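Just so it is clear, the model here is predicted, and its values are computed rather than measured. As the structure lists them, so they are numbered: ligands from 1, and atoms in each ligand from 1. Just the heavy atoms: all of them, side chains too, but no hydrogens, waters or symmetry mates, feed the values below. When a residue number appears, it is its place in the shown sequence, counting from 1.
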Amino acid sequence: MKIKRITSLDLAEITEIEKVCFSDCWNEHMLCRELELPQALYFAAEHKGKIVGYLGGHLICGQLDITRVAVLPLFRRKGIAAALFKEAAEHCERITLEVRESNAAAIALYKKIGFKEDCVRKNYYSAPIENAVLMSSDRTRQ
Ligand SMILES: CC(C)(COP(=O)(O)OP(=O)(O)OC[C@H]1O[C@@H](n2cnc3c(N)ncnc32)[C@H](O)[C@@H]1OP(=O)(O)O)[C@@H](O)C(=O)NCCC(=O)NCCS
């Protein structure tokens with residue numbers, strides 16, 4: 001498995017991952033605009049030349065705010081998301097994210113790789129309405 005920076009050439013594959021992994025998926029146009037932002041930092045995990053997972057967010061003043069992390073169902077529980085976070089951590093001092101309170105898989109992942117829960121934001125998500133757990137991982141704290 002190889003981790004690489006995402007480029008516009010990867011847009012079609014990332015769009016497919018979005019469709020499979022999220023109900024509020026980003027389309028190719030949205031992804032394209034996202035990747036063009038100067039603060040965008042996105043990585044893909046490639047297996048046999050095919051992108052099977054990706055992660056990214058906005059890097060501002062050393063802090064990476066995660067917008068997306070997803071791994072195709074067939075490739076889950078193989079350490080791919082953890083490897084993507086490890087790569088991202090090389091490029092920042094601190095990582096922050098929010099996650100639906102019911103997303104047990106993601107919360108288990110974040111805790112395993114050293115994220116701490118900072119607070120809960122009530123009714124942050126819509127469709128369905130749900131609380132967000134805000135978490136962060138600090139290089140100096142690890
Ligand atoms: C959350 C997600 C990204 C995890 O990706 P992954 O590549 O399977 O995660 P990893 O294999 O790196 O998992 C590392 C550890 O996290 C924990 N973990 C991951 N998935 C888990 C699950 N379904 N149940 C319990 N623990 C889980 C485990 O501790 C795991 O280590 P282990 O397999 O040795 O027990 C993936 O399930 C996914 O794409 N979900 C849909 C999209 C999503 O919810 N994104 C997050 C939005 S905030």
Side-chain angles (χ1 to χ4, degrees), residues 1-37 39-139 141-142:
M1 207 236 330
K2 181 179 136 195
I3 307 280
K4 63 167 199 177
R5 280 291 289 270
I6 290 177
T7 72
S8 54
L9 297 175
D10 302 315
L11 277 174
E13 279 183 279
I14 302 292
T15 306
E16 283 311 307
I17 295 179
E18 279 283 321
K19 279 187 202 155
V20 173
C21 295
F22 295 110
S23 52
D24 63 337
C25 58
W26 291 351
N27 61 35
E28 194 162 334
H29 176 67
M30 291 157 87
L31 277 164
C32 184
R33 280 198 355 217
E34 176 66 23
L35 291 178
E36 279 171 2
L37 294 173
Q39 67 270 32
L41 181 66
Y42 282 84
F43 299 97
E46 212 174 57
H47 176 75
K48 295 186 178 170
K50 173 185 150 77
I51 295 178
V52 295
Y54 92 111
L55 162 154
H58 299 159
L59 179 63
I60 299 168
C61 297
Q63 176 168 310
L64 180 65
D65 296 320
I66 298 290
T67 51
R68 283 308 212 217
V69 49
V71 173
L72 287 173
L74 273 178
F75 291 86
R76 289 182 188 165
R77 300 305 291 266
K78 297 178 191 298
I80 292 175
L84 284 162
F85 271 103
K86 190 160 180 270
E87 178 64 32
E90 297 291 321
H91 299 258
C92 61
E93 292 300 316
R94 177 177 155 83
I95 303 180
T96 62
L97 55 82
E98 66 258 340
V99 54
R100 280 185 182 268
E101 210 169 44
S102 64
N103 194 341
I107 291 173
L109 161 71
Y110 303 145
K111 285 189 172 161
K112 183 174 181 186
I113 60 175
F115 278 76
K116 301 282 179 273
E117 188 176 320
D118 294 322
C119 64
V120 171
R121 195 166 283 172
K122 288 274 173 207
N123 303 328
Y124 178 79
Y125 292 105
S126 53
I129 293 173
E130 192 176 346
N131 296 342
V133 181
L134 274 62
M135 304 180 83
S136 63
S137 169
D138 228 304
R139 214 173 243 209
R141 209 165 57 193
Q142 286 178 347

Using atom types as modelled and distance alone, determine if a side-chain donor or acceptor of E98 lies under 3.5 Å from a backbone N or O of A132.
no
V99 vs M135, side-chain contact (heavy atoms from CB on, under 4.5 Å): CA-CA, chis, key distance, verdict
CA-CA 8 Å; V99 54; M135 304 180 83; 4.2 Å; yes
Can I get a per-line list of side-chain donor-acceptor pairs under 3.5 Å for residues 20-29, giving both atom names and the distance, sequence neighbours left out?
unit_1, atom_1, unit_2, atom_2, d
N27, OD1, H29, N, 3.1
N27, OD1, M30, N, 2.8

Inter-residue atom distance F75.CZ - I17.CD1, 0.5 Å rounding
9.5 Å
Kindly assign one of parallel, tilted or perpendicular to the pair Y110 and F85, based on the angle between their ring planes and the thresholds 30° and 60°.
perpendicular
What residues come within 4.0 Å of ligand 1, counting heavy atoms only?
F22, V69, A70, V71, R76, R77, K78, G79, I80, A81, A82, E98, V99, N103, A105, A106, A108, L109, Y110, K112
State whether the side chain of R68 and the backbone N or O of Y42 hold a donor-acceptor pair below 3.5 Å, judged by distance alone.
no
